[in-house]
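Presented below is the structure to which this report refers.
In the text below, chain A, chain B and the rest are named by the order of the sequence lines, each starting its count at 1.
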Number of protein chains: 2
Amino acid sequence: MMSDDPFRHKWWGWGPAGVVFDMSGRPDFEAFIESKGLSIAKTLTPRVARSDIRLPERRCAPALERALSELLGERLRTDEDDRLTHAFGRSYRDLVRLRSGLVERAPDLVAYPASHEDVERIIALCVEHGACLIPFGGGTNVVGSLEPDAGVRRPVVTLDLRHMNRLISLDEEAMTAELEPGMFGPQIEEALNARGFSLGHHPDSFLYSTLGGWIATRSAGTHSNRYGKIEDMVMALRVVTPTGTLVTKPLPAASNGPDLNRMLVGSEGVLGVITRATMRVHPLPEHEEYRMVLFPSFREGLEALRECVRRGAMPSMARLSDESETEMIFAAKPPETGLRRKLEAPVKRWFKRHGYERPAALVVAFEGPKEPALHQRKVVRRILQAHRGFDLGTGPGEAWKKSRYDVPYLRDFMMDYGVIADSFDTAAVWSELWPLYEHVTRVFEKTIELVTGRPGYVGSHVSHLYETGACLYYTFAASPVDSLEPSVLMDRYGAIKEAVTEAILFCGGALSHHHAVGREHQAWIEEELSTTGVRTLRAVKRELDPDGLLNPGSLIPPEE
Amino acid sequence: MMSDDPFRHKWWGWGPAGVVFDMSGRPDFEAFIESKGLSIAKTLTPRVARSDIRLPERRCAPALERALSELLGERLRTDEDDRLTHAFGRSYRDLVRLRSGLVERAPDLVAYPASHEDVERIIALCVEHGACLIPFGGGTNVVGSLEPDAGVRRPVVTLDLRHMNRLISLDEEAMTAELEPGMFGPQIEEALNARGFSLGHHPDSFLYSTLGGWIATRSAGTHSNRYGKIEDMVMALRVVTPTGTLVTKPLPAASNGPDLNRMLVGSEGVLGVITRATMRVHPLPEHEEYRMVLFPSFREGLEALRECVRRGAMPSMARLSDESETEMIFAAKPPETGLRRKLEAPVKRWFKRHGYERPAALVVAFEGPKEPALHQRKVVRRILQAHRGFDLGTGPGEAWKKSRYDVPYLRDFMMDYGVIADSFDTAAVWSELWPLYEHVTRVFEKTIELVTGRPGYVGSHVSHLYETGACLYYTFAASPVDSLEPSVLMDRYGAIKEAVTEAILFCGGALSHHHAVGREHQAWIEEELSTTGVRTLRAVKRELDPDGLLNPGSLIPPEE
C-alpha cells in the first residue's frame, strides 16, 4: 500500500526508499570520521534481505478482523510489508532489529482511519474484542513507543493516522487552525502557507513526522524560541479514549481547573488517540534570515546566548555547537571552489591566530514580522560581537538550513559500517547547564571507550533557548569493531544510554527535552516525576483505558 | 491572633481593618453612580455587628485537636475571630453572608503550619481522624473555594499557610526562585527586589493574596502579556497529598510525559497542598512606563490591540476599557486644579468635536530591559496612532497604576448601600471576542433590568492579550431597591451570574480566565471540560485523596 508514499520510511531505515546519505563531494568527512576511531572505510555491515525477514504469525480475533474490514475496507491491512513498517519506530535499537530481521512481534492488523468517527469505532471494536491499539503517526519515534511488547498475546492493531490529514479550518483573525493529526510536517506547511500562515514547528523529523506524533511526544521545533514547544501551540484537543471522548475548548487562556491539554500533550498514545487539534498559527514571516557566527569557544558562545536571553533579545533560533560538533560540521561540508577555495587556507590561519583555534559555530535565525525581527537582530548581533562572535554571514546559515534534516540519514550511513550512532537530548537551567555539559561529555567519552575499547565521537549543541535554561542535544558515534552481533550492539548501546542518562539526571537535567519517554526512558520516569507523579498518571490511565489496551508497555512503567 | 497583620481581611470585607474606599474628593462620582440607577445616596444598608454573629458549634475530634495542638502549639487556633476570617473567601455571596451574619458552617480548627513537614503531619493527622482540610492563602478567592459545605459533618481544618513565607533560594543565573506558598504579593516583591529581581505577577488582589493561591487558581497578573499567567511562571512544585508528596523538577522544558505542573496549577486545593514552588523570575525592569491613550471607540481600540499582537509588538500591559467603563473611570477621578482645571472644559469640547464623544481609555505599559521596551513602545505607539489613539501621556497612566488595587474596596462601599456589585472574567479568541462582547453586554444589561426592575451599571475592559485572543473583564452594579434581604440579594446575584455565564459559554468564552472554578462555576465545568475531562479530574482526585478530605465540594462536582 502506498509504496510511492513520500512519507513512508524504507523498511530498514530513515526516510523513503531511495533517499540515502550522500558521502560523495565531502572529501574531508571520511578522514574526520576515521580520525575519531570510527571504521567506516572498513567492511560494510550486511543488512538482511527483506525477503529473509519472517514476521511472527498474526494473532487475530477473526471477529475483530471482520468488523474492522467491514468498517475500513481497503484501509485495513494485514500484509507483511505494512506490518513490518509499523513494527518499530526509528530508534537505534529499532534499526538494529530491522537490519538483522529480529522482529519478535509486529502488529496483527494495521488500520487506516479516515475520520474521527472511524477512530471511535475502531477503539470501540478493540474494547469489545480485547485488542491492543498503538497509535502511529510518521513512525519517527526514537524511544520505543510504537512496538507491541514481544509477549503481548492480545491482538495488536496499529492505527496509522495518515489518512486524517486535512486542514479543517483556519481562523485568520484568531490565528488558529484546526488540523487533523495525521498531517505530516510538509503537508501542514503547504496547507497553511497557501493561506498566508505557518505553524512554525520544524523538528529534525519534520519531513516524516505528524502533528499527532508531535503532540503525543511533546515535540520541539528548531524555532521553539519564537513559537514555543508543541505544548505551547496547542489550543484545544479532541481525544478518543476507550471510555469516551475528551474535548477541550480553544481558549487563549483559562482558569477552569487543571489544564487538560497538558495532560494529553505528552501522553504518548497511552491515554487516547488525538483526532483533532486546534493549533496557534502565525502569519508567514516577513523576514527570515539564517546566519552563522563563530565563537572562540563553546563556553563563550553559551555566555553570549545567555546574555541575549537576559537582555530580552531572543533570536527565533539559536543552535550553538560545541567545539567537537563544529569540527564535524566543517568536515562534512562540500569543499569551496574558485576564489573561496584559494582563500580557505589563509582564512583558517587568520582565525587560528585570532583565538578561533577550535571554534564553536552558532547558527542563529531571525524571523517574524520585519520590524521586530530586525530589531532583535540588531540587539543580538551586538551582544554576540561583545562575546567575540565572528559573523560568517548568511551563506553558511542558509547552507545549514538546507541540510537541516539530513542527520538521521547519516545515522543510517554509519550503521551500514556497524557504527553505533544516536542522539540524546536534555535540558537544564542555566546555572546547571555548563557543569552538566562538562560532566556528561566526560561520561559519554569514557563510556564509549569502556564499552567499545576505543574512543568515539561525541559532540553536542544547544538547540532551544529559554529564559531559565536551554536544551542540550548530544550526538555520538562509536565503533565496536570486535563484534557486530545485534545483541552485542544493542547491549553496548544500552550501556552508553544508561550511563549517560544517569549522568544527565545526576546533573539535574531533563530525562528528555523533546524525545519523549516510551520504553527507552521508562526506567527513570519515576525518578523524574516522583512516585506520586507516576501514580497520578496511572490513575488517569486506569480511568480512560481501564483494560490497558492503548499502547501497553510505553511511558508508564508496569505496577510492581 | 495577628490583628495587626496587614494581610488579614476585616471580618466583613476586603483588606485590613480601617482601610476603606474613600468617596471624598470625587465630586463627579456620586452623580455618575446615581445616573446609573444605583441608589448610593439613599439609606445605608446596615451590617450586623461582629458581636451579633454566632458561629456554629465546632465539630471536632478531641484526639485530632490534641494531636494538632501538640504539633503546632499557638499555631492552632479555635477562637471565633480566626474561624470567622477563614469561613469564606471574598465573593459577593461571601460578603453578603458575612455582613448579615449568615455563617452556617465555619472551620472547626485553623492550623498555621510553618514548614513542609508541618503540612505533611497535619495532612496525615487529618487522614487518620477523617477530617477535611481546606488550604487557605490570602482569602481573596471570589468563587467560593474556601468554605466548608454547610452539611459537612466531618471536622474541618483550615490550613492557613501565611507562616510559610520565605524566599528559600534565588538562582540568579537561571532566573528562578524557590518560594514558600504563603508569601503575599508584597512580600514576594520585597524579597526579590532586594536581590534585583521581580516575579512580575500583579493580580488585582496582589496586596492580599499569596503565591499558593495564585498557583491553585491559575491566576493572571496585570503584566501577563509579558510575564505570562502563573502557569507559565511555575517551574516546579512540591505538593503534599493525602497519599504522598508529588515533586516536579525545575526544568526549562521537558518531554517527560504529561506536564504534571499543569495538573497541579489550578487544582484549587482539591488534590494537595503546595508547600514549595520554583518560579521564573526576572531582573528588575530597567524601564517602566504607564500611559493612557484614548480611542474614539472600544472597537477601534480593540482593533489597534489586535494589530499590535499580530505585528509582534505586545505591550507588557494593555487594559482597554469600553465606553461605559471609561466614563466611570473619568467620573471617579479627583478633579483637576489650577490651569488644568481651567483647560478641562475646552479640552473636553475639543475631544467631542474630534470624534471622541464617548471615548475608550487604554492604559498601556512598557517594561523590561530598556532597549526592547523602548522599541516595543515605538512600534505600539505607531499602531495605536494609526487607529486614532490619542496619547494622554504618562500622568493618567501613573494615576491608574496608583489606584489599581482599589476596585474591591469600591465593591464594599457599594454594598454598604445594598448595591449588588461584582466582576466576571472570561477570555475568547479574537474572532469571537467582539460578538461575545456585544452579546454578553446586552445580556448583562437586560438581566440586571429584569432582575432588579431598573438599569444598572455594566462596563468592561480587555485586560490580558494573547496572540490568539484576549481576556474580557466585566464589572457590574445593580440596585435591587425593593428588598435588601440577604437571600433576595443572593438570588438576584445568582440570576445575573447564571444568565451571564450562559451567554459567555454560548459565545465560546472561557468559564473563567483567572478567577477559577470553586463553587460559583462548578455547574458549568462539565460543559467546559467535557464529561471525559471531568472524569479525568475525578480519577486524579481519587488517587491522591481517596477519602475526599481536601476542600470537598470545590472545583469537581459531586458524582451523580
- Ignoring hydrogens and angles, tell me if any N or O in the side chain of B/T532 forms a donor-acceptor pair with the backbone of A/T245 under 3.5 Å. yes

- Task: Please check if the side chain of A/K229 supplies one atom and the backbone of B/A254 the other of a donor-acceptor pair under 3.5 Å.
- Result: yes

- Message: Taking the basic N atoms (NZ, or NE/NH1/NH2) and the acidic carboxylate oxygens, is any pair closer than 4.0 Å for B/E286 and A/R311?
- Response: yes

- Query: Do any N or O atoms from the side chain of A/S255 and from the backbone of B/T217 form a donor-acceptor pair under 3.5 angstrom?
  - Reply: yes

- Item | Donor-acceptor contact present, side-chain A/R262 to main-chain B/L260, <3.5 Å | no

- Message: Any heavy-atom pair between the side chains of A/R382 and B/E371 that's under 4.5 Å?
- Response: yes

- Task: Using non-hydrogen atoms and a 4.5 Å limit, figure out which bit of B/H515 sits close to chain A: side chain, backbone, both or neither.
- Result: backbone

- Note on the structure: Closest heavy-atom pair, A/P258 versus B/L555, reported as atoms and distance to 0.1 Å, is CD-CD2, 4.1 Å

- Side chain from CB out, backbone as N, CA, C, O: work out which of these in A/H464 comes under 4.5 Å of a heavy atom of chain B, or both, or neither. neither

- Message: Counting only non-hydrogen atoms closer than 4.5 Å, does A/R310 touch chain B with its backbone (N, CA, C, O), its side chain (CB onward), both, or neither?
- Response: both

- Query: In terms of heavy-atom proximity below 4.5 Å to chain A, should B/T243 be classed as side chain, backbone, both, or neither?
  - Reply: both

- Message: Could you tell me if the side chain of A/R535 sits less than 4.5 Å from the side chain of B/L246, heavy atoms only?
- Response: no

- Query: Looking only at atom types and distance, does a side-chain atom of B/K249 sit under 3.5 Å from a main-chain N or O of A/G509, one as donor and one as acceptor?
  - Reply: yes

